[in-house]
Student: 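Sharing a structure with you now.
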2 protein chains.
Amino acid sequence: MKNADENINRSGEPEFEPQRLETAQPGQHGGGSLDRDATELHEALGDLIRVYQFRDRKRICYHDVSVTQCYALSALVRHGSPTLNQLSDELYLDKSTTSRVVDSLVKKGYASRVPEPEDRRAIRVEPTAKGRELFATIEKHLIEQEKRLIADFDPEVRQATTRLIARLARAAKERFSRDDGTCCTIEDE
Amino acid sequence: MKNADENINRSGEPEFEPQRLETAQPGQHGGGSLDRDATELHEALGDLIRVYQFRDRKRICYHDVSVTQCYALSALVRHGSPTLNQLSDELYLDKSTTSRVVDSLVKKGYASRVPEPEDRRAIRVEPTAKGRELFATIEKHLIEQEKRLIADFDPEVRQATTRLIARLARAAKERFSRDDGTCCTIEDE
DNA sequence: CATTTTTCATTGCTACTAACAACTATATTT
DNA sequence: AAATATAGTTGTTAGTAGCAATGAAAAATG
């Protein structure tokens, strides 16, 4: 199973640009490890994301909303009543998709659209009391599950995990939203 | 396997940002910092997953396959030619969904269904040469991007991140697949 | 050995996700 | 006042996803 990497890296390995990317950091160790680190991180993240998506589908759907709907609800609760645009930015979704997600929440009675007096084109989406309640319940369940998951990690490990994941998320947010789309620079073969 | 992990971080983890978020104190029957850690982890993971999903949608779609299709292709390449059931297990998807994902890959020429001689009900799904090639290209791009992302992390941080994420993924895999669905025990207050 | 049951995969159905493009209505610029 | 830009919605198309029902082959049962 591990050997499957062969295809990816082994066969044509140093095909990439040699780690020219600002290895400004003195951390020697042969810059070669950046490639390896990136590959391993990529793999680990893939696993993590797939399994969490699965968990979320399974779990959130017990509560009458889908995963995306739940993310949206979360954003509504957290950021008090964003406009549709703000919401779509937060969720990394197109406005049209966001609008429909809001539709579904409204239909189910978890959110409502209220006019924005400052700008009559805009609306604000706010969670209803029922929406807040649902969100709190779901959140509680998910966190409960998270808790069981990390209960047997040492406290320092737990905290380090969170810190690093948060850092990675921050970096990813900054980078991925910035070079939006266009960056498909590599066009090889 | 839990025990094996235990020391993973013992050896090389400690000093990143020593910003310890307060009192990692007494574990009064489930209270205390475990709650906080779980909450923070939950939050950080949510951010990470959303931003990566966004990245993946943006990025993979340049290459004529969707995110799920790409995951499937990855599984095909990695684990040489699984049966449909194996594939659906790997992807945490229903067999019907998996079958349709395979359809799309077959239609695009990236995979083919071959009969399994051992069991004539079953099939094996194998990537075509074109499929392998596409996968390698996509993988290369994604890893390249990952590389840019973590290039300015210290090597130890990079490695710790990967290690912890992998560990979390492993734990999640084990737990979430095990208590499949049924565990929705908690019934709010 | 014939019958029941189980298993592997596919198809029908329904609902949701998601982007792009076209559109309406309001704001802002010129 | 007219041109342009922005906020949100709707139309369209493709893909995601699960559940239920089906067909076919294998395994278990009598």
Side-chain angles (χ1 to χ4, degrees), chain A residues 49-50 53-73 81-108 110-126 180-181, chain B residues 49-50 53-73 81-108 110-126 180-181:
Chain A
I49 289 174
R50 272 203 307 284
Q53 282 187 281
F54 169 71
R55 189 277 301 249
D56 288 347
R57 276 200 307 273
K58 273 267 171 205
R59 190 128 272 279
I60 293 176
C61 293
Y62 281 117
H63 298 282
D64 179 43
V65 285
S66 71
V67 178
T68 304
Q69 286 162 8
C70 185
Y71 281 160
L73 190 52
S81 311
T83 66
L84 201 98
N85 266 340
Q86 289 167 339
L87 185 59
S88 73
D89 284 350
E90 175 73 15
L91 299 174
Y92 306 105
L93 293 176
D94 190 83
K95 295 188 317 178
S96 64
T97 304
T98 307
S99 178
R100 280 185 247 258
V101 170
V102 170
D103 282 346
S104 64
L105 290 176
V106 169
K107 194 158 59 182
K108 291 175 181 170
Y110 299 125
S112 61
R113 285 175 164 98
V114 304
E116 163 65 41
E118 305 286 294
D119 182 341
R120 277 159 53 217
R121 293 167 301 182
I123 56 160
R124 292 197 167 270
V125 185
E126 37 182 58
D180 60 319
Chain B
I49 289 174
R50 272 203 307 283
Q53 282 187 282
F54 169 71
R55 188 276 302 250
D56 288 347
R57 275 199 308 273
K58 274 267 171 205
R59 189 126 272 279
I60 293 177
C61 294
Y62 281 116
H63 298 282
D64 179 42
V65 284
S66 71
V67 177
T68 305
Q69 286 162 10
C70 185
Y71 281 160
L73 190 52
S81 311
T83 65
L84 200 97
N85 265 341
Q86 289 167 340
L87 184 60
S88 73
D89 285 350
E90 176 72 16
L91 299 174
Y92 306 103
L93 293 176
D94 189 84
K95 293 189 322 176
S96 63
T97 304
T98 308
S99 179
R100 281 184 246 258
V101 171
V102 170
D103 282 345
S104 65
L105 291 176
V106 169
K107 193 156 63 182
K108 290 174 181 171
Y110 299 124
S112 61
R113 282 180 233 249
V114 305
E116 164 64 41
E118 303 287 295
D119 182 342
R120 280 157 52 216
R121 292 166 301 182
I123 57 159
R124 293 198 164 269
V125 186
E126 41 183 53
D180 59 319

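Chain A is the first sequence line, chain B the second, and so forth, proteins listed ahead of strands; every chain is numbered from 1. This is a predicted model, so every value here is computed, not measured.
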Student: Provide, to the nearest angstrom, the distance between the CG atom belonging to A:D103 and the C1' atom belonging to C:dA18.
Tutor: 14 Å
Student: Between B:T68 and B:T97, is the side-chain contact (heavy atoms from CB on, under 4.5 Å) condition met? List the steps.
Tutor: CA-CA 10 Å; B:T68 305; B:T97 304; 5.8 Å; no
Student: Assign B:T83 to base, sugar-phosphate, or nothing according to its heavy-atom contacts below 4.0 angstrom with the strands shown.
Tutor: sugar-phosphate
Student: Please test B:Y71 against B:D56 for side-chain contact (heavy atoms from CB on, under 4.5 Å), starting from the C-alpha separation and ending with a verdict.
Tutor: CA-CA 11 Å; B:Y71 281 160; B:D56 288 347; 3.8 Å; yes
Student: Give the B/S/- string for nucleotides 24-30 of chain C, one per nucleotide from 5' to 3', where a protein heavy atom under 4.0 Å of the base yields B, of only the sugar-phosphate yields S, and otherwise -.
Tutor: -BBS---
Student: Over how many whole Å does the gap from A:E116 atom CD to D:dT6 atom P extend?
Tutor: 17 Å
Student: Main chain of A:D64, side chain of A:K108: is a donor-acceptor contact present, judged purely on distance under 3.5 Å?
Tutor: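 Looks like yes, one N/O pair under 3.5 Å.
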Student: In sequence, state the C-alpha distance, the side-chain angles, and the governing distance for A:D103 and A:R113, and then conclude on salt bridge (charged side-chain N to carboxylate O under 4.0 Å, His left out).
Tutor: CA-CA 9 Å; A:D103 282 346; A:R113 285 175 164 98; 2.9 Å; yes
Student: Find the distance B:D89:CG to C:dT7:C1' and express it as a whole number of Å.
Tutor: 13 Å
Student: Round to a whole Å and report the spacing from CD1 of B:I123 to P of C:dT7.
Tutor: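 Taking CD1 of B:I123 and P of C:dT7, I get 18 Å after rounding.
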Student: How many Å lie between CG on B:N85 and C1' on D:dA26, as a whole number?
Tutor: 14 Å
Student: Is A:K107 near enough to C:dC16 that one of its side-chain N or O atoms lies under 4.0 angstrom from OP1 or OP2?
Tutor: no
Student: Looking at every strand, decide which applies to B:R124 at a 4.0 Å heavy-atom threshold: base, sugar-phosphate, or nothing.
Tutor: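 Contact class for B:R124: none.
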Student: Without decimals, in angstroms, what is the distance between B:L105 CG and C:dA9 P?
Tutor: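 Rounded to whole Å, this separation is 16 Å.
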Student: Determine the minimum heavy-atom distance between B:K95 and B:S88, stating which atoms define it.
Tutor: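 Shortest heavy-atom separation between B:K95 and B:S88 comes out as CG-OG, 3.8 Å.
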Student: When you check every protein heavy atom under 4.0 Å of nucleotides 16-22 of chain D, what one-letter string (B, S, -) results, 5' to 3'?
Tutor: SBBBB--
Student: Just do the side-chain contact (heavy atoms from CB on, under 4.5 Å) check on A:R57 and B:Y92 with the steps written out, would you?
Tutor: CA-CA 10 Å; A:R57 276 200 307 273; B:Y92 306 103; 4.3 Å; yes
Student: Just checking, is any N or O donor in the side chain of A:S96 or A:D94 under 3.5 Å from an acceptor N or O on the other one?
Tutor: yes
Student: Would you check, one step at a time, whether the test side-chain contact (heavy atoms from CB on, under 4.5 Å) holds for A:L87 with A:V101?
Tutor: CA-CA 10 Å; A:L87 185 59; A:V101 170; over 6 Å; no
Student: Taking the side chain as every heavy atom from C-beta outward, state whether A:I123 and A:E116 have any atom pair closer than 4.5 Å.
Tutor: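 Side chain of A:I123 against side chain of A:E116, heavy atoms only: no contact under 4.5 Å found.
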